[in-house]
Amino acid sequence: MHDKKITWEEMKKKYPNEWLLIIKCDSDESGHLISGIVARHSPEKDKVFCLPGLDQSSAFKYTGKSTFPGGWRARA
């Protein structure tokens, strides 16, 4: 896990076509992800999503083209 917050744009460049588990998320008034810390990443979503949960709020997001409206889920 990295400990530095990066922007969503930086995440897409650093982890293209990967699933991300993002913690300490910041979002805008519309709920769009602005920045956060990438806790886990992988091209395979099961390797990111099925690992033990974190004891804090987090988001699960794909950096490639998503078929899911909004492209991410957040957990408080």
Side-chain angles (χ1 to χ4, degrees):
M1 176 174 75
H2 304 282
D3 58 354
K4 180 183 172 196
K5 277 191 178 185
I6 60 175
T7 67
W8 172 237
E9 293 303 317
E10 291 171 317
M11 291 178 206
K12 291 190 295 185
K13 288 178 186 172
K14 189 170 185 174
Y15 308 105
N17 300 308
E18 289 196 32
W19 292 94
L20 309 179
L21 178 62
I22 307 160
I23 60 171
K24 299 185 180 178
C25 307
D26 296 315
S27 56
D28 64 17
E29 299 81 28
S30 300
H32 296 106
L33 180 68
I34 296 172
S35 65
I37 298 173
V38 177
R40 300 183 192 128
H41 64 93
S42 174
E44 299 174 42
K45 70 177 176 179
D46 291 343
K47 290 188 177 183
V48 175
F49 192 69
C50 291
L51 293 173
L54 299 171
D55 196 20
Q56 58 189 307
S57 60
S58 57
F60 182 65
K61 192 158 173 72
Y62 184 62
T63 59
K65 184 176 179 182
S66 176
T67 58
F68 180 79
W72 70 307
R73 289 281 194 215
R75 169 172 112 21

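Of all non-hydrogen atoms in Ile22 and Lys61, the two that sit nearest each other are CD1-CB, 4.1 Å. Of all the heavy atoms in His41 and Val48, the pair that sits closest is C-CG2, 3.6 Å. Between Lys5 and Ser35, the closest heavy-atom pair is CD-OG, 4.2 Å. The two atoms that bring Cys25 and Ser58 nearest to each other are SG-C, 4.3 Å, heavy atoms only. When all heavy atoms are compared, the tightest approach of Asp28 to Ser30 is OD1-N, 2.9 Å.
Looking only at side-chain heavy atoms (C-beta outward), Pro43 and Glu18 come within less than 4.5 Å of each other. Looking at heavy atoms from C-beta onward, Tyr62 lies in side-chain contact with Asn17 at the 4.5 angstrom threshold.
Separation of atoms CE (Met11) and CD1 (Ile6) is listed at 5.0 Å; rounding is to 0.5 Å. Put simply, CG on Leu20 and CD1 on Ile37 are 13.0 Å apart, with the number rounded to the nearest 0.5 Å.
The side-chain contact (heavy atoms from CB on, under 4.5 Å) test applied to Glu9 returns Thr7, Lys12, not counting sequence neighbours. With sequence neighbours left out, Lys45 forms a side-chain hydrogen bond (donor to acceptor under 3.5 Å, both in side chains) with no residue at all. Thr63 pairs by the side-chain hydrogen bond (donor to acceptor under 3.5 Å, both in side chains) definition with nothing, not counting sequence neighbours.
Under a hydrophobic clustering in which Ile, Leu, Val, Met, Phe, Trp and Tyr are joined whenever their side-chain heavy atoms come within less than 4.5 Å, directly or via other members, Ile34 and Trp8 fall into different clusters.
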